[in-house]
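Since the structure comes first, as structure tokens, the remarks are kept for the end.
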Amino acid sequence: MGQTFKVFLIALPILCLVACLNKQNVEKKPKVEIEYALQHALKQENVIPVVIIGSGPSGLSAALYMARAGMKAFVFAGPIPCGQLTQTTYIENWPGRTRVLGSELMDDIKKQAQSFGATIINDAVSKIDFSQWPFALETEEGRRFKAMSVIVATGATPRGLNIPGEREFWGKGVTTCAVCDAPFFKGKEVVIAGGGDSACEMIFELAPHVKKVTMLVRKEAMRAAVAMQKRVFSYPNASVEYNKEITAVYGEKGEVVAIDVYDNKEKKTQRRSIDGVFLAIGHDPNNKLLKGGAIELDENGYLVMNGRTQECSLRGVFAAGEIQDSSYRQAIVAAGEGVKAALDATSFLYSLGFTAEIGEQLDKKFFENFSDEKTEMIEISEKKELNDLVLNAKGVVILDFYGTNCPTCVRMIPSLEAVAHKLSGQVKIYKVLFVNNSPIHKILHWNHDIKIKKVPSLLIFKDGKFMDMTQDFMTKVELLEYVKKFL
Ligand code: NDP
């Protein structure tokens, strides 16, 4: 064999490997060529140094650090103001706080960030143009502005099982929020799908209310922390079944009545009577805004970080929390990443030549209205109020049935107050605390056949007539569109 041929044979696999790696690189690492010219940014209107998308532990921790660094930071709270922790009960693993309610912890972080000057806006970013710098952003409520840097802290959303009956009976017995809906299942039998920490938390929330709660785990073991698993077995009315998967949900008269449970060891399916199905089967990253190829996502849709930083594949874009973390997923980790993202964003801005004076110049050319206009809802609880203000009233009236421990109810308040303001004169919105057998509940149930099974429940009346009931969370824009249909 000639010398040249030998060299060729050795080099061939190496050349193939290099070509292959290059190809992967091209597919995985999107390249957007943009120019980061500070002078160009200064000529434009409505430019802010940093926008933070999402207001969970990562977003608010980033806001705290940005604000303390003297950078104008706008946080867009998104569909879940203050994030997923507002939907859990007690947190016992936040260093320095032995036991604290998730919503209380988030409220503390929010107030801390605000005290240093962070602005939190109850709106959601709906579009980002990453092909120009400063990046151009648009919100659901139509605000338009530009940002020199973006911190993405959009988190993740609870998964569904994608099985027959799940959608149909959503809010009618199928739910992902035990904190909100546990009181509706008093004395009933419910199941939980999942074997992680969230599923355990659901047991803690449900067991004091229900007759029986069963956790259905698809494998031979739970994934939850040992301490959480131990607590599960301390409830006499809670049990765990392994190798079980829910494959269908059945209902009658708008309520869940049964499920099919597949035993993947015995290979048998059994139908069971059940009143409620709680889902705790993990989360998917909220990456809708980031699809489009400008920024690298991994094969599961999580944002890819640059080394040990919180920088994305595009300069000026940073991320923190569950949108880029599929393994640790702890609130305290998310908060730490928020801090790192803020420090990285600050370094990026300084590297462009950003100074306090430049911040002031940008401020003078910022005209977009970021105020949250609202009309607070009046609470009603008496029969006379229901008759005078709703059943004998002209025009459109909305009753917002809420619960005291219901995070979705809290999330709906900004939407309801904004719509009440926007449609004042055309629509009246009242809030009603859901209490079984309260005068209002009794009249609606017995005289008008309106059965409330979940909070929040929005009841729409027109000229005293019941028109519709909805239970899904709605943003301001979605709620506005929905209510306008009845005008
Ligand atoms: P996890 O991803 O940890 O657990 C999901 C569970 O659902 C697993 O048991 C998984 O099974 C199961 N599952 C997934 N898909 C399906 C399906 N299609 N059908 C049936 N079962 C399914 O999610 P969690 O929401 O529980 O937790 C997320 C993160 O948040 C974790 O890091 C957790 O530690 C943290 N957390 C911490 C809390 C605390 O400390 N207080 C409270 C709540 C969450 P399998 O194991 O077979 O994949």
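Each ligand, and each atom within it, is numbered from 1 in the order the structure gives.
- Here's the thing with S327: none of its N/O atoms is less than 3.5 angstrom from an N/O atom of ligand 1.
- In this pair, F204 and Y235 present their aromatic rings parallel. The plane angle is below 30°, not in the 30 to 60° band.
- Distances shorter than 4.0 angstrom occur between a heavy atom of A280 and an atom of ligand 1.
- Other residues, nucleotides and ligands place more than 12 heavy atoms under 6.0 Å from the CZ atom of R97.
- Contact annotation: for E92 versus ligand 1, there are no heavy atoms closer than 4.0 Å.
- Proximity annotation for atom 4 (O) of ligand 1: of S326, A199, A331, G196, G196 comes nearest, heavy atoms only.
- Ligand-side atoms of ligand 1 in range of K219: 45 (P), 46 (O), 47 (O), 48 (O), range being under 4.0 angstrom from any heavy atom.
- Using a 3.5 Å distance cut-off with no hydrogens or angles, the side chains of H209 and K186 do pair a donor with an acceptor.
- Put simply, no part of E245 is less than 4.0 Å from ligand 1, judged by heavy atoms.
- Numbered from 1 in the order shown, with element, the atoms of ligand 1 that lie under 4.0 Å from a heavy atom of Y328 read 32 (O).
- No more than 12 heavy-atom neighbours from other residues, nucleotides or ligands sit within 6.0 angstrom of OH on Y328.
- With respect to the salt-bridge test (charged N to carboxylate O, under 4.0 angstrom), the residues K431 and D400 do not qualify.
- Atom numbering of ligand 1 starts at 1 in the shown order; those under 4.0 Å from a heavy atom of G195 are 6 (C), 7 (O), 8 (C), 9 (O).
- Around atom 42 (C) of ligand 1, the closest heavy atom drawn from E220, R159, E201 belongs to E201.
- Heavy atoms of L161 come nearer than 4.0 angstrom to ligand 1 in at least one pair.
- Using a 4.0 Å cut-off between heavy atoms, Q330 contacts ligand 1 through its side chain alone, with no backbone atom that close.
- Here Y36 and F348 bring their ring centres to under 6.0 angstrom of each other.
- Between S326 and N300, the side chains place no donor N or O within less than 3.5 Å of an acceptor N or O (distance only, hydrogens not considered).
- The minimum heavy-atom distance linking Q229 with C200 is given by the pair N-SG, 4.4 Å.
- Counting heavy atoms under 4.0 Å from ligand 1, residue H283 touches it through the side chain alone.
- For atom 14 (C) of ligand 1, the nearest non-hydrogen atom from the set I246, I281, I192 belongs to I281.
- At a 3.5 angstrom cut-off on N or O pairs, N93 counts as close to ligand 1.
- Of the heavy atoms in R329, both backbone and side-chain atoms come closer than 4.0 Å to ligand 1.
- Salt bridge annotation for D275-K211: absent, with no cationic side-chain nitrogen under 4.0 angstrom from a carboxylate oxygen.
- Using modelled atom types and a 3.5 Å distance limit, the side chains of N264 and N243 yield a donor-acceptor pair.
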